[in-house]
2 protein chains.
Amino acid sequence: MPNAAPSFQPLYLQVKDLVEKSLAAGEWGPGAAIPSEALLAQRFGVSQGTVRKAIDAIAAENLVVRRQGKGTFVATHTEEKSSLFRFLRIRRNDGRDEYPASRILDVRRGKASVEAARHLDLDPGDPVILLRRVLEFSAEPVVLDDITLPGALFKGLTKARADAYRGSMYGLFEAQFGVRMLKAKERLRAVAADAASARILKVRIGDPLLWVDRVTLTYADRPVEWRRGLCATRRFHYVNELG
Amino acid sequence: MPNAAPSFQPLYLQVKDLVEKSLAAGEWGPGAAIPSEALLAQRFGVSQGTVRKAIDAIAAENLVVRRQGKGTFVATHTEEKSSLFRFLRIRRNDGRDEYPASRILDVRRGKASVEAARHLDLDPGDPVILLRRVLEFSAEPVVLDDITLPGALFKGLTKARADAYRGSMYGLFEAQFGVRMLKAKERLRAVAADAASARILKVRIGDPLLWVDRVTLTYADRPVEWRRGLCATRRFHYVNELG
DNA sequence: CAGTGGTCTAGACCACATC
DNA sequence: ATGTGGTCTAGACCACTGG
């Protein structure tokens, strides 16, 4: 019956693209169930096996979560403990699991620097929101993050609003601004603490800090966050798995 | 016809385990083709689709590489430019692609320290091989690696033999000792350079260095290398992708 | 040409969740 | 009982490789 499309791409990849477009368009909200495989097969005029392969690929990218017997759901940052740690790579040296608290120091509007514009695919001078926060483990300041966001996407973001939100930064972005952080590219270096960072992180000026530059992407690999973190790694470290 | 096994595991996972066991046992050497899907299906008494799913999963773990029209091949560190950069995360800040040279400073036998034993799942005092080398980009020393290997697995490893090998460290381990590095866990910190490291990396004592601790695993997640790297990140950085 | 992996289908049955 | 995803099969056809 199917195979009406004379396209060069496999059917299941075409289906994958269509479903991802619907996800990007917000056809189904975060945490909601997407239509069953049978329904999607009917909608696109392909077999259920083809839909299955498409959704398998989407699930492999963590855009969607399968739950046997229940359905397939749009992934979200507001639940799923497992997902939380996907973007948080700082751990205690002693191995104890601990989820840090986020203390917001400042939120203000500004204009994109040349560097910020480059990372966020904006023009220099475009409106941005600058957010500074500290991650604390057991009340000990460990990471100082300077976060730059495109002003156009985060219009009403204020310190009060961010303080009021219970959950992760990315949960806030998703729940209140409809911006879904899907993947990120990071660059790490070791740098010496300057006066301001040293004061906030309670280390000495010149002490080594882990410098983490992150650009976070949403659908279609569009950059929507640029973040520079400085991490005091005396009792903490950054974890990574090479597969 | 199949379904003879009253097991709790899906058939394709059983097949996956069997094929992985054959890989671990070296039934097919690095770079060699494994049997075709049809042959494996026949061998295990399952359908080709089930074998396909099993091999898909193995390919997703980079143990094996599919090549349409040719076959499925045991992955190797000695070819595939793409694979080389999987374990090498250091890049130039200016974005230029460059593959570094490895200069071996020293290879000697020793006894496992408590720390080495813990990382390599040995007993303290067990024989190990200690290898120290420098990675150089354009003749500039950038990374100082102290590598600890289980003596039992790398019996004849000497400086002369390592110097003679053309290719990556993991290519050497695979080609000459039959030890395949499959994945790794890393922990990163920022530290201050001590006298010895500073001299080799040509930085000042106290300068910040990126500290990279890596345990590399082979089949069955068995640890077979512990490596501590110190990286001067003035003109270089460590890259990571969060998916 | 034959052999390989890659796609697609249709249908059966299983495992799990919910009502 | 029904609906969901999960497994498995059998067979057809496509796309690529190499003799």
Side-chain angles (χ1 to χ4, degrees), chain A residues 1-19 22-23 28 31-75 79-80 82, chain B residues 1-19 22-23 28 31-75 79-80 82:
Chain A
M1 296 93 164
N3 217 13
S7 173
F8 51 107
Q9 257 205 137
L11 251 190
Y12 80 93
L13 286 181
Q14 299 177 41
V15 171
K16 173 171 181 270
D17 280 351
L18 288 170
V19 174
S22 290
L23 285 167
W28 316 293
I34 73 173
S36 73
E37 294 177 355
L39 275 175
L40 289 173
Q42 198 176 353
R43 174 193 299 191
F44 298 125
V46 301
S47 79
Q48 181 174 343
T50 299
V51 170
R52 167 158 282 269
K53 195 163 181 188
I55 294 183
D56 278 345
I58 298 174
E61 295 171 359
N62 296 305
L63 299 192
V64 112
V65 177
R66 289 174 164 292
R67 284 199 235 282
Q68 181 170 168
K70 305 180 72 170
T72 301
F73 300 82
V74 180
E79 18 177 342
E80 306 165 72
S82 58
Chain B
M1 296 93 160
N3 215 13
S7 173
F8 51 106
Q9 256 204 140
L11 250 191
Y12 80 93
L13 286 181
Q14 298 177 41
V15 171
K16 174 171 180 269
D17 280 350
L18 288 170
V19 174
S22 290
L23 284 167
W28 316 292
I34 74 173
S36 71
E37 294 177 354
L39 275 175
L40 289 172
Q42 200 177 352
R43 176 193 297 190
F44 297 125
V46 302
S47 79
Q48 182 174 341
T50 299
V51 170
R52 166 157 281 270
K53 194 160 183 191
I55 295 184
D56 278 345
I58 298 174
E61 293 171 2
N62 296 304
L63 300 193
V64 114
V65 177
R66 289 176 166 288
R67 285 196 234 282
Q68 180 169 167
K70 304 179 72 172
T72 301
F73 301 81
V74 180
E79 19 177 343
E80 308 168 68
S82 57

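What you see is a predicted model, and the numbers here were worked out from it, not measured in a lab. Chain naming here is simple, since letters A, B, ... match the order of the sequence lines and numbering starts at 1 in each.
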| Just how far, in rounded Å, is P of dG5(D) from CZ of F73(A)? | 8 Å
| query | Y12(A) has an atom OH; how far is it from atom C1' of dG6(C), in whole Å? | reply | 8 Å
| message | Whether S47(B) contacts dC8(D) is assessed here as follows: a side-chain N or O lying under 4.0 Å from the phosphate OP1 or OP2. Is that the case? | response | no
| remark: Closest non-hydrogen contact found for F73(A) with G31(A) is CD2-O, 3.5 Å
| query | Tell me: CD of Q48(B) to C1' of dC8(C), nearest whole Å? | reply | 13 Å
| Any residue meeting side-chain hydrogen bond (donor to acceptor under 3.5 Å, both in side chains) with K53(A), in chain and number order, not counting sequence neighbours | none
| task | Please work out which residues in residues 49-57 of chain A have a non-hydrogen atom less than 4.0 Å from an atom of DNA chain C and list them by number. | result | T50(A), K53(A)
| Under 4.0 Å: is that the gap between some side-chain N or O of R66(A) and OP1 or OP2 of dG6(D)? | yes
| field | Separation of atom CD in Q42(B) from atom P in dA10(D), rounded to whole Å | value | 13 Å
| note | Separation of dC8(D) atom C1' from F44(B) atom CZ, nearest Å, is 16 Å
| remark: Heavy-atom nearest pair, S22(A) first then W28(A), reads CB-CH2, 3.4 Å
Ignoring hydrogens and angles, write down the donor-acceptor pairs under 3.5 Å from the side chains of residues 38-46 of chain B, residues two or more places apart or on other chains.
unit_1, atom_1, unit_2, atom_2, d
R43(B), NH2, E27(B), OE2, 3.4

| task | Could you run through nucleotides 11-16 of chain C and give me one letter per nucleotide, 5' to 3': B if any protein heavy atom sits under 4.0 Å from the base, S if only the sugar-phosphate is that close, - if neither? | result | ----BB
| Whole angstrom value for the distance that separates P of dT7(D) from CD of Q14(B) | 12 Å
| task | Kindly compute the distance separating CG (D17(A)) from CD1 (I58(A)), expressed to the nearest 0.5 Å. | result | 8.5 Å
| To the nearest angstrom, how far is K16(B) atom NZ from dT7(D) atom C1'? | 16 Å
| Sequence neighbours excluded, which residues qualify as side-chain hydrogen bond (donor to acceptor under 3.5 Å, both in side chains) partners of Q48(B)? | E37(B)
| query | Sequence neighbours excluded, which residues qualify as side chain to side chain contact (heavy atoms under 4.5 Å, CB included) partners of E61(B)? | reply | K16(B), E20(B), L63(B)
| note | In short, I55(B) meets T72(B) closest at the heavy-atom pair CG2-CG2, 4.1 Å
| said: What is the distance, to the nearest angstrom, from the CZ atom on R67(B) to the C1' atom on dG5(C)? | reply: 12 Å
| task | Mind checking side chain to side chain contact (heavy atoms under 4.5 Å, CB included) for D56(B) and listing every partner two or more places apart, or none if nothing turns up? | result | R52(B), R66(B)
| query | Within the pair T72(A) and dG5(D), is there a side-chain N or O less than 4.0 Å away from OP1 or OP2? | reply | yes
